[in-house]
Participant: 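The structure follows.
Numbering of ligands and ligand atoms starts at 1, following listing order.
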Amino acid sequence: MDLFDISEKVVAVTGATGVLAGSLARYLAAQKAKVVFMGRNARKLSEAMEGLDESEHMACVCNVLDREALESAKEAVMKKYGRLDALVNGAGGNMPGATIAPEKTFFDLDVSQWAEVVKLNLEGTLLPIMVFGEIFKAQKSGSIVNFSSMTAQSAVTRVLGYSNAKAAVENLTKGLAVEFAKKFGDGLRVNAIAPGFFISNQNRALLTNPDGTFTARGQAVINKTPFGRFGNADEIWGAVHYLISPASKFVTGTVMAIDGGFSCFSGV
Ligand SMILES: NC(=O)c1ccc[n+]([C@@H]2O[C@H](COP(=O)([O-])OP(=O)(O)OC[C@H]3O[C@@H](n4cnc5c(N)ncnc54)[C@H](O)[C@@H]3O)[C@@H](O)[C@H]2O)c1
């Protein structure tokens, strides 16, 4: 038995037009998994799937906060494949309005923006699990991989709402790992990855200058990362592959850091 065989597994990936989940979705397709690329924008989805065989894989235009759209996506997946083996919740991220600018304090925080970022990351993880999890419940099998971040376990300045949301995503991961195992058996697993700092569209301007040098914040991150660099999108592939493969079949409720040592380093 090949513990790491994920060929023929049907894997739904939300946020598949994004930097991390998009790169991951293409990797999974290259491993011969059947990948459901989920995103809000049809044009971006077809770009993300460029060159892939659409009879093997599929695109679902879907907002992760729209339960009806998620239900339609679930129906389309079941119609095409008749099953689902894994759900990767890659949609999420920070929002500029929900941050605390350097010259501001907590008391200036825009609570409605704070609520938006919590909604996207927390409800945008919970709702796909609620909808696609029905398939896992019926099958008595399925692996869920959520996206946390370094902001969940220790304070990262300025990104309060995002941190609050990712901490809740970790808590949800553990709660559902227990809930699903107790109610539906050991075939249903829920884990998360916690990427360190990867350059994406959302954080590029925060971490790097237009000339490619680091901002003060970018340099502070590098100083606290023993590897001395940001991550590359391909460095999350192996962890997610493991978490959806039979190699991890006794693993649930874990949060795996992929961070070049950021989380284990005091900075001194
Ligand atoms: N880049 C990093 O350093 C980093 C670090 C830790 C965690 N993360 C997390 O990794 C995940 C992917 O982030 P990324 O860095 O690739 O950013 P990204 O912006 O490239 O990808 C996020 C994707 O989510 C999609 N999205 C946003 N709102 C949505 C909605 N309502 N419905 C459906 N899709 C929606 C976006 O369109 C985008 O495609 C996020 O959860 C992010 O919080 C990123």
Participant: With a cut-off of 4.0 Å, which atoms of ligand 1 are near a heavy atom of Cys62?
Facilitator: 33 (C)

Participant: Is it true that the side chains of Thr254 and Asn191 contain a donor and an acceptor less than 3.5 Å apart?
Facilitator: yes

Participant: Do side-chain atoms of Asp108 reach the backbone of Thr105 as a donor and acceptor pair under 3.5 angstrom?
Facilitator: yes

Participant: Could you check which of Gly15, Ala69, Gly92 puts a non-hydrogen atom nearest to atom 22 (C) of ligand 1?
Facilitator: Gly92

Participant: Ring-plane angle category for His57 and Phe37, please: parallel below 30°, perpendicular beyond 60°, tilted otherwise.
Facilitator: perpendicular

Participant: For the ring pair Phe262 and Phe197, is the centre-to-centre distance below 6.0 Å?
Facilitator: yes

Participant: For the side chain of Arg189 and the backbone of Leu243, is there at least one donor-acceptor N/O pair under 3.5 Å apart?
Facilitator: yes

Participant: Select the closest option to atom 8 (N) of ligand 1 among Phe198, Phe197, Phe230, Tyr162, judged by heavy-atom distance.
Facilitator: Tyr162

Participant: Can you tell me if Lys44 has a non-hydrogen atom under 4.0 Å from ligand 1?
Facilitator: no

Participant: Could you grab the distance from atom OG of Ser72 to atom CG of Asp66, nearest 0.5 Å is fine?
Facilitator: 8.0 Å

Participant: Asn146 and Thr173: side-chain donor and acceptor closer than 3.5 Å?
Facilitator: yes

Participant: For Ser148, counting its heavy atoms only, list the atoms of ligand 1 lying under 4.0 Å from any of them.
Facilitator: 6 (C), 7 (C)

Participant: Among all the protein's non-hydrogen atoms, which is closest to atom 16 (O) of ligand 1, and how far away is it?
Facilitator: Leu20 N, 2.8 Å

Participant: If you have a sec, work out which protein heavy atom is nearest atom 39 (O) of ligand 1 and how many Å separate them, to one decimal?
Facilitator: Thr17 OG1, 2.9 Å

Participant: Under the 3.5 angstrom rule, does the side chain of Arg40 hit a backbone N or O of Gly15 as a donor-acceptor pair?
Facilitator: no

Participant: Show the atoms of ligand 1 that are less than 4.0 angstrom away from any heavy atom in Asn203.
Facilitator: 1 (N), 2 (C), 3 (O)

Participant: Any heavy atom of Gly124 sitting closer than 4.0 Å to ligand 1?
Facilitator: no

Participant: Return yes or no for this condition: an N or O of Asn201 is under 3.5 Å from an N or O of ligand 1.
Facilitator: no

Participant: Is there a donor-acceptor contact under 3.5 Å linking the side chains of Thr157 and Arg217?
Facilitator: yes

Participant: Are Val11 and Val36 close enough that some pair of their side-chain heavy atoms sits under 4.5 Å apart?
Facilitator: no

Participant: What atoms of ligand 1 come within less than 4.0 Å of a heavy atom belonging to Gly196?
Facilitator: 3 (O), 5 (C), 6 (C)

Participant: For atom 34 (N) of ligand 1, grab the closest protein heavy atom and report residue, atom and distance to one decimal in Å.
Facilitator: Ala91 CB, 3.6 Å

Participant: Do Thr208 and Thr215 make a side-chain contact, defined as non-hydrogen atoms from C-beta onward lying under 4.5 Å apart?
Facilitator: no

Participant: Using a strict cut-off of 4.0 Å, indicate which atoms of ligand 1 neighbour a heavy atom of Gly90.
Facilitator: 11 (C), 12 (C), 40 (C), 41 (O)

Participant: Considering only non-hydrogen protein atoms, determine which one is nearest to atom 31 (N) of ligand 1 and report residue, atom name and distance to 0.1 Å.
Facilitator: Asn63 OD1, 2.8 Å

Participant: Are any of the N/O atoms on Arg40, whether in the backbone or the side chain, positioned under 3.5 angstrom from an N/O atom of ligand 1?
Facilitator: yes

Participant: Polar contacts were defined as any N/O atom of the residue lying under 3.5 Å from an N/O atom of the ligand; does this apply to Val19 and ligand 1?
Facilitator: yes

Participant: Do the non-hydrogen side-chain atoms of Ile236 and Phe147 ever get within less than 4.5 Å of each other?
Facilitator: yes

Participant: Evaluate the side-chain proximity of Val221 to Leu207: yes if any heavy-atom separation is below 4.5 Å, no if none is.
Facilitator: yes

Participant: Does any N or O of ligand 1 fall below 3.5 Å from an N or O anywhere on Leu65, backbone included?
Facilitator: no

Participant: Checking Tyr81 side chain against Lys34 main chain: does a donor-acceptor pair fall under 3.5 Å?
Facilitator: no

Participant: Would you mind listing which atoms of ligand 1 come within a distance below 4.0 Å of any non-hydrogen atom of Leu120?
Facilitator: 28 (N), 29 (C), 30 (C), 31 (N)

Participant: Can you report which non-hydrogen protein atom sits closest to atom 32 (N) of ligand 1, along with the distance?
Facilitator: Val64 N, 3.0 Å

Participant: For atom 10 (O) of ligand 1, what's the nearest protein heavy atom and its distance?
Facilitator: Phe147 CD2, 3.1 Å

Participant: For ligand 1, which is the ligand I care about here, please tell me if Gly18 has any N or O atom under 3.5 Å from one of the ligand's N or O atoms.
Facilitator: yes

Participant: Checking a contact table here: which protein heavy atom is nearest atom 19 (O) of ligand 1, and how many Å away?
Facilitator: Gln202 NE2, 2.6 Å

Participant: For atom 41 (O) of ligand 1, what's the nearest protein heavy atom and its distance?
Facilitator: Lys166 NZ, 2.9 Å

